[in-house]
Amino acid sequence: MSNNIPVFKMHDGYKIPAVGFGTSSVLGKSGAESVENALKNGYRLIDTAIRYENEGAVGEGIRRSSVPREEVFVTSKLRGGLYDYDRALAAIEESLFRTGLEYFDLFLLHWPNPKQDKYTEAWKALIQAQKNGYVRSIGVSNFEPAHINRLIDETSVKPAVNQIELHPYFNQKELREFNKEHDIITESWSPLSRARTVIYDETLKQLAENKNKEIAQVILRWHYQHGVLPIPKASSSEHQQANLNIFDFELTEVEMQEIDSLTQEEGRIDNQNPNEYEEF
């Protein structure tokens, strides 16, 4: 990566930028412009999914940018309704056609969907997609330890990444520790709680004032210092730039603990518990 964003090294040897750009609900022409602007503003990790129905816009934004393809890390995810082995492989091929890319840097299983009980079959399809050269790294999203252990037990292939809901009101300490013990990178979706909860927290507001930073920057710095890769979404160029401006200050151990203490047992934004919730 040629810009100034730090990188994390995955256990498969590939490197991934320490902050990404989320594209959920980013669609059409404006979506392509948003991705193009994100790359212009310094992002090098673009996160999309089949479920978002915007892989075409993401690919167009990448093509419009002046950033060489090899400097852009592109992630997509397999939706739960496509977990049958053959259908999964065909869906990944379709994702490549939609984006106009020759390969994905990372492809994830979007949810375990435990009631459907097809995630190991879908994982085997991702392993084959990797062998086929469709994807470089493979991982999971919203997987709990039991789900990951089953994948490893049945295939001997460990995910490179586990992308999960994670923010100061739901800090996922136990799952983060599990991921770390297994050398799995933790990514966080909705790291700013979709601007619905933690972004208005008084404790974080005071910390931001003390640091002469925005609340979002303090939250994203907290992620980074925990070794977690946040994927914030921002439509305006100003917010895109601000969300990357987190590497010129540091939170003290006391400040980190203060933010850690904000976590809540029922802190999920929309009660999407991976042991029960299913998304197709």
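- Residues Y119 and L151 meet the side-chain proximity criterion, which asks for heavy atoms closer than 4.5 Å.
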key: side-chain hydrogen bond (donor to acceptor under 3.5 Å, both in side chains) evaluation trace for Y277 with N271   = CA-CA 8 Å; Y277 179 80; N271 196 32; over 6 Å; no

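- Here the CD atom belonging to E55 is positioned 3.5 Å from the OG atom belonging to S95, to the nearest 0.5 angstrom.
- Summarising the geometry of T155 relative to K124, their closest heavy-atom pair is CG2-CG, 3.9 Å, with the distance given to 0.1 Å.
- For the pair I231 and F21, the minimum side-chain heavy-atom distance is 4.5 Å or more.
- Judged by distance alone, the side chain of D84 and the main-chain N or O of D86 form no donor-acceptor pair under 3.5 Å.
- Distance CD1/I259 to CG/D201: 9.0 Å, rounded to 0.5 Å.
- By the 4.5 Å heavy-atom criterion applied to side chains, S25 and Y52 are not counted as neighbours.
- In this structure, CD in Q217 is found 9.5 Å from CG in N212, a value given to the nearest 0.5 Å.
- Residues P232 and G20 share a closest heavy-atom pair of CD-O, 3.1 Å.
- Using a 4.5 Å heavy-atom cutoff, the side chains of P274 and F143 are not in contact.
- Between L262 and L204, some side-chain heavy-atom pair lies under the 4.5 Å cut-off.
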key: R176/L166 under side-chain contact (heavy atoms from CB on, under 4.5 Å): CA gap, chis, key distance, verdict   = CA-CA 9 Å; R176 281 191 285 114; L166 198 161; 3.6 Å; yes

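- With hydrogens and angles left out, the side-chain atoms of S237 and N37 include no donor and acceptor closer than 3.5 Å.
- No side-chain donor-acceptor contact under 3.5 Å links N41 to the backbone of Q241.
- Between T99 and L96, the closest heavy-atom pair is OG1-O, 3.1 Å.
- Judged by distance alone, the side chain of R51 and the main-chain N or O of R79 form no donor-acceptor pair under 3.5 Å.
- Between A91 and L78, the shortest heavy-atom contact is CB-CD1, 3.9 Å.
- Residues T23 and I46 have side chains in contact (heavy-atom distance under 4.5 Å, counting atoms from C-beta outward).
- Under the 4.5 Å side-chain heavy-atom criterion for grouping Ile, Leu, Val, Met, Phe, Trp and Tyr, W189 is not connected to L106 through any hydrophobic cluster.
- Ring-centre distance between Y224 and F247: below the 6.0 Å cut-off.
- Panel note: side chain N54, backbone S24; no donor-acceptor pair is recorded below 3.5 Å.
- Hydrophobic clustering places I199 together with V228 (ILVMFWY residues linked when any side-chain heavy atoms are closer than 4.5 Å, directly or through intermediates).
- Counting all heavy atoms, side chain and backbone alike, K118 lies closest to Y83 at CB-CB, 3.8 Å.
- Remark: side-chain polar atoms of E121 are paired, donor with acceptor, to backbone N or O of Y85 under 3.5 angstrom.
- Looking at H182 and P145, their side chains never come closer than 4.5 Å, going by heavy atoms from C-beta outward.
- In the model, N171 has no side-chain atom that pairs as donor or acceptor with a side-chain atom of W222 under 3.5 Å.
- Checking side-chain atoms of E214 against main-chain N and O of A208 turns up no donor-acceptor pair under 3.5 Å.
- Here the CD1-CG distance, from I50 to L82, works out to 5.5 Å after rounding to the nearest 0.5 Å.
- Under a cut-off of 6.0 angstrom, the local environment of CZ in F280 is crowded, with over 12 non-hydrogen atoms contributed by other residues, nucleotides or ligands.
- Ion pairing between R196 and D270 holds under the 4.0 Å rule for side-chain N and carboxylate O.
- Under a hydrophobic-cluster definition in which Ile, Leu, Val, Met, Phe, Trp and Tyr are linked whenever side-chain heavy atoms come within less than 4.5 Å, directly or via other members, I219 and F170 are assigned to different clusters.
- Grouping the Ile, Leu, Val, Met, Phe, Trp and Tyr side chains by contacts below 4.5 angstrom, directly or via other members, places F249 with L207.
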inquiry  = Could you go through D47 and Q163, starting from their C-alpha distance and side-chain angles, then the distance that decides it, and tell me whether this counts as side-chain hydrogen bond (donor to acceptor under 3.5 Å, both in side chains)?
reply    = CA-CA 11 Å; D47 181 271; Q163 185 181 124; 3.0 Å; yes

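- A salt bridge links D248 to K213: one of the charged nitrogens lies within less than 4.0 Å of a carboxylate oxygen.
- Here Y14 and F73 keep their ring centres 6.0 angstrom or further from each other.
- Once rounded to the nearest 0.5 Å, the distance linking CE of M256 with CG of L251 reads 6.0 Å.
- In summary, K211 and E255 engage in a salt bridge, as defined by a charged side-chain N under 4.0 Å from a carboxylate O.
- In terms of modelled atom types and a separation under 3.5 Å, the side chain of H147 and the main chain of W111 share no donor-acceptor contact.
- D105 places a side-chain N or O within donor-acceptor distance of the main-chain N or O of V74, the cut-off being under 3.5 Å.
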side-chain contact (heavy atoms from CB on, under 4.5 Å) between S190 and I269, intermediate numbers included = CA-CA 9 Å; S190 294; I269 302 167; 3.7 Å; yes

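- Within the cation-pi definition used here (under 6.0 Å to the ring centroid, within 45° of the axis), R69 qualifies as a partner of Y103.
- No side-chain N or O of Y43 forms a donor-acceptor pair with one of Q240 less than 3.5 Å apart.
- Within a 6.0 Å sphere centred on NZ of K40, other residues, nucleotides and ligands contribute 12 heavy atoms or fewer.
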query = For N162 and T186, what are the C-alpha separation, side-chain angles and deciding distance, and is it a side-chain hydrogen bond (donor to acceptor under 3.5 Å, both in side chains)?
reply = CA-CA 5 Å; N162 187 14; T186 299; over 6 Å; no

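- Looking at R150 and D117, a side-chain N of the basic residue comes within less than 4.0 Å of a carboxylate O on the acidic one, giving a salt bridge.
- Atom CD1 in I184 sits 5.0 Å away from atom CG in N179 (nearest 0.5 Å).
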request  = Give the intermediate values and the outcome of side-chain contact (heavy atoms from CB on, under 4.5 Å) for residues H167 and L192.
outcome  = CA-CA 6 Å; H167 45 78; L192 305 176; over 6 Å; no

request  = Starting from the C-alpha separation in whole Å, work towards a yes-or-no answer on side-chain contact (heavy atoms from CB on, under 4.5 Å) for D183 and K158.
outcome  = CA-CA 9 Å; D183 201 18; K158 180 171 58 176; 3.9 Å; yes

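- Checked by atom type and distance alone, the side chain of H11 pairs as donor or acceptor with a backbone atom of P159 at under 3.5 Å.
- Note on V161 and I152: same hydrophobic cluster, where clusters join Ile, Leu, Val, Met, Phe, Trp and Tyr whose side-chain heavy atoms are under 4.5 Å apart, directly or indirectly.
- Contact of the L220 side chain with the P191 side chain is registered, since non-hydrogen atoms from C-beta on lie closer than 4.5 Å.
- Pairing each heavy atom of V135 with each of L126, the nearest pair is CG2-O, 4.3 Å.
- Under the 3.5 Å distance criterion, the side-chain polar atoms of S65 are left unmatched by any main-chain donor or acceptor of E36.
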query = Can H223 and Q225 be said to form a side-chain hydrogen bond (donor to acceptor under 3.5 Å, both in side chains), step by step?
reply = CA-CA 6 Å; H223 281 79; Q225 287 187 214; over 6 Å; no

